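Dumping the structure here so I can ask a few things about it.
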Amino acid sequence: MPSDTEEASQPTVNGDNVRALCDVVRELPICAVIDLLSIGVCTRCILRLFGIREHVYYRSSLSPSMLSSVLGDSTCSEKHMVDGNFREPVVCSICLGILQFTYYEDKKLVTEKESANELAVSISSLIRQQGFEIDSFSLEVSIPPIVLENDHTVWLYMKRKYESELWFQGKSISECISAKDALKISLMESLETMLGCKSNISAFRIRLTYTHCISSKTVENSVEGCHGGKRRKTGAGNGLNTIDDDIKCSGLPIEAGAVVERSFVSLQANESSECLKLLLGQSNEPCCLEFLCYRTQIYVGGRYLKYSRNVSQTCWIIDDERMGEASVEEILGSNVLPLCRGDNYKFHAAGREDIDVRMLGSGRPFLLEIQNARYIPSEESVNFLETKINNLEKKLVGVKNLKLVGSQSWELMREGEAEKQKQYTALVWISRPLKDEDLQSISSLEDMHILQRTPIRVLHRRSPLEREKIIHWMRIERIVGSSQYFLLHLCTQAGTYIKEFIHGDLGRTQPSVGSILTCRAEILRLDVTDVKMECFLTE
């Protein structure tokens, strides 16, 4: 980012731009300008209501006196009205201080900035204080509904009063610049200069949230106060036939549009600016502004291996007692989070294994979702982190193919999760000596369908359902010197309860290894040796 000295420099406006601005302002109808000034509209709001979007918003000298000096061709009486009677309002009756860079901070202290540049300095300082490293940014602005309603109330008032005049012919509310867009125009150039990067569609967001104590219903209440709550009957030729079009064109919500329309009907009976002042509420309170700088989540993905039978996948605590000595989630998260300098992390994996089951072979796909990362790690730093994790003193967990990935990896990991295949190796004991024909009977079974009722050991937390699963293949490997112990290698559909498939779970899984071999079978140890998915495979 640029230095503080560079920050302090305010965007300048050269002579050509000043002349261009003057040319634009001279075209403004002075009667309407005086009208808007009289109801407490700030200079920037006057310009945006007339659709002027030049970089005039960067100027700190925008004021009624500036307008007066530019409008030099007006009559003496009109010029005197601008000079003598109207000053920049403390709080604009339309934008409620947003384009005057006046706002409540922490809902207590009123902060007044001289220009958009000063506001940009505050924003860039906040980004530095929080330690973000960025190469682009996206500016988001949220304003209270009352500002949008104020815009439309004033526009409809002007439409009623000036629609017969030549300068108003053909004008539409869609040509106005919204307060939100005007603020973005004001800040963008300064922010790009101070942050040393361009505004773009970016994972790093600068969010300005303006709120106000007055709800949108205040508009309706103001109208009732102005006319004693009485409804006035209006004819078909009152100009309302185009109001709906204006409201629809503006994108104002239907409910708010109805309030504005009722307000305008009341205004027809009294075109004076005094009535409009009451309609706008004459609030002297600026908006509250909350700054938020954050980065949307980033993902670090790969495959993990679990070498210990005393490590859970995620942190597991029962009755304030920790189960196992550690978790995969904590070991990986505690190493990745400091690298990215994030606020927090979430761990996601393609399935899970029990605490006493090892995850070997190609590993299990996982994602670490890092919240509000201040730093995007380079490929080199991620590779270094992988080496660091794999060389931890306690070799409980390892990783493969660790990399920074996009959000699409989340979908890739979840895609076809129910259809994926998993391979296991189980140490099995049976109640009789193993026979040669047992090897043949087991290996001959392919794509065997089994029915599993929810296992007894998880009934306290799982719904009592019956699930159909597929055992794709099995193979027995003898253990030298043992007649009743063997290794069972098998490949199954994801979601199969392997332990229950071997011992039968008191008949709740049919068929089982025990029922196939017509003897009692027990599983002593289990390892996952492969999770057949395309994501995060070692290149």
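As the structure is a prediction and not an experimental result, all values here were calculated from the model.
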- Report yes or no: do Thr492 and Lys469 form a side-chain donor-acceptor pair below 3.5 Å? no

- side-chain contact (heavy atoms from CB on, under 4.5 Å) partner of Cys340, the single match among Leu337, Asp343, Val336: Val336

- Message: Can you see whether Thr193 engages Ser190 through a side-chain donor-acceptor pair at a distance of less than 3.5 angstrom?
- Response: no

- Query: Hey, is Asp354 close enough to Lys306 for a salt bridge, meaning N to O under 4.0 Å?
  - Reply: no

- Note on the structure: Interatomic distance, CD@Gln452 vs CZ@Phe501, rounded to 0.5 Å, equals 8.5 Å

- Query: Under 6.0 Å from the NZ atom of Lys388, do we count more than 12 heavy atoms belonging to anything else shown?
  - Reply: no

- Message: Once rounded to the nearest 0.5 Å, what's the spacing between atom NE2 of His489 and atom CZ of Arg475?
- Response: 4.5 Å

- Pair Gln371-Glu369, side-chain donor/acceptor within less than 3.5 Å: yes

- Message: Looking at Asp151 and Lys180, is any side-chain nitrogen of the basic one under 4.0 Å from a carboxylate oxygen of the acidic one?
- Response: no

- Message: I'd like to know if Glu500 and Arg457 make a salt bridge, using a cut-off of under 4.0 Å between side-chain N and carboxylate O.
- Response: yes

- Answer yes or no: is there a side-chain heavy-atom contact under 4.5 Å between Trp316 and Ile355? yes

- Item | Leu183 vs Arg48 side-chain heavy atoms within contact, under 4.5 Å | no

- Determine, for Glu290 against Arg207, whether the closest basic-nitrogen to carboxylate-oxygen distance falls under 4.0 angstrom. no

- Message: Whether the side chain of Ser172 engages the backbone of Glu175 through a donor-acceptor N/O pair (distance < 3.5 Å, no angle test) should be reported.
- Response: no

- Donor-acceptor pair between Glu330 and Ser327 side chains, under 3.5 angstrom: yes

- Message: Using a 3.5 Å distance criterion without hydrogens, assess whether the side chain of Ser482 forms a donor-acceptor pair with backbone atoms of Ile479.
- Response: no

- Would you indicate whether the side-chain heavy atoms of Glu437 and Ile442 approach each other to under 4.5 Å? no

- Give a yes or no on whether the backbone of Ser441 and the side-chain of Ser444 come within a donor-acceptor separation of less than 3.5 Å. yes

- Is Met194 close to Asn117 at the side-chain level, that is, under 4.5 Å between some pair of heavy atoms? yes

- Message: Any donor-acceptor pair under 3.5 Å linking the side-chain atoms of Thr102 with those of Glu112?
- Response: no

- Spell out, as yes or no, whether a donor-acceptor pair under 3.5 Å connects the side chain of Asp505 to the backbone of Ile456. yes

- Check ion pair Lys346-Glu329 (N to O, under 4.0 angstrom): no

- Query: About how many Å separate OG of Ser124 and CD of Gln129, when rounded to the nearest 0.5 Å?
  - Reply: 9.5 Å

- Message: Checking Thr454 against Arg467: is there a side-chain donor and acceptor pair closer than 3.5 Å?
- Response: yes

- Message: Is there a side chain to side chain contact (heavy atoms under 4.5 Å, CB included) between Arg205 and Thr296? Walk through the geometry before answering.
- Response: CA-CA 8 Å; Arg205 314 285 173 82; Thr296 55; 3.7 Å; yes

- Item | Glu534 atom CD: more than 12 heavy-atom contacts under 6.0 Å | no

- Could you tell me whether the side chain of His152 reaches within less than 4.5 Å of the side chain of Leu148, counting heavy atoms only? yes

- Message: For Ser381 and Leu339: C-alpha separation, side-chain torsions, deciding distance, then whether side chain to side chain contact (heavy atoms under 4.5 Å, CB included) applies.
- Response: CA-CA 8 Å; Ser381 60; Leu339 175 64; 4.2 Å; yes

- Item | Chi angles and distances behind the side chain to side chain contact (heavy atoms under 4.5 Å, CB included) call for Ile206, Leu195 | CA-CA 12 Å; Ile206 301 170; Leu195 299 176; 3.9 Å; yes

- Nearest heavy-atom contact between Ile298 and Pro377 is CD1-CD, 4.3 Å

- Looking only at atom types and distance, does a side-chain atom of Asn401 sit under 3.5 Å from a main-chain N or O of Gly302, one as donor and one as acceptor? no

- Message: Let me confirm one number: the CZ-CG distance from Phe204 to Leu139, rounded to the nearest 0.5 Å.
- Response: 10.5 Å

- Message: Can you tell me how far apart CD1 (Ile185) and CE (Met188) are? Round to the nearest 0.5 Å.
- Response: 9.0 Å

- Which value, rounded to the nearest 0.5 Å, describes the distance between Phe291 atom CZ and Leu126 atom CG? 7.5 Å

- Item | Carboxylate-amine/guanidinium contact Glu522 Arg520, below 4.0 Å | yes

- So do Arg374 and Ile127 actually touch side chain to side chain, heavy atoms under 4.5 Å? no

- For Ile134 against Cys197, the heavy-atom pair lying closest together: CD1-SG, 3.9 Å

- Message: Working note: Arg453 + Glu466, criterion salt bridge (Lys or Arg N to Asp or Glu O under 4.0 Å); need CA distance, chi angles, decisive distance, verdict.
- Response: CA-CA 4 Å; Arg453 293 165 65 188; Glu466 188 173 75; 5.3 Å; no

- Distance only, no hydrogens: is a donor on one side chain within 3.5 Å (strictly under) of an acceptor on the other, for Ser362 and Asp530? yes

- Within the side chain of Asn390, is there an N or O that forms a donor-acceptor pair under 3.5 Å with the backbone of Glu386? yes

- Message: Between Tyr103 and Tyr210 (judged by ring centroids, cut-off 6.0 Å), do the two rings come close enough to count as a pair?
- Response: no

- Message: Checking Glu468 against His449: is there a side-chain donor and acceptor pair closer than 3.5 Å?
- Response: yes

- Item | Validation row: Val531, Pro365 side chains within 4.5 angstrom (heavy atoms) | yes

- Under 3.5 Å side-chain donor-acceptor pair for Gln423 and Lys532: yes

- Query: Under 3.5 Å, is there a donor-acceptor pair linking the side chains of Glu446 and His472?
  - Reply: no

- Any donor and acceptor pair, going by atom type alone, linking the side chain of Lys400 with main-chain N or O of Tyr304 inside 3.5 Å? no

- Message: Do the side chains of Arg309 and Asp356 get close enough for a salt bridge, i.e. N-O under 4.0 angstrom?
- Response: no

- Message: Could you tell me if the side chain of Pro286 sits less than 4.5 Å from the side chain of His212, heavy atoms only?
- Response: no

- Message: I'd like to know whether Leu524 forms a side chain to side chain contact (heavy atoms under 4.5 Å, CB included) with Tyr485, so could you lay out the CA-CA distance, the side-chain angles of the two residues, the decisive distance to 0.1 Å, and finally the verdict.
- Response: CA-CA 10 Å; Leu524 304 179; Tyr485 294 88; 3.4 Å; yes

- Query: So does Glu379 have more than 12 non-hydrogen atoms from other groups sitting under 6.0 Å from CD?
  - Reply: no

- Task: Taking atom types as modelled, find out whether Ser202 and Ser138 have a side-chain donor-acceptor pair closer than 3.5 angstrom.
- Result: no

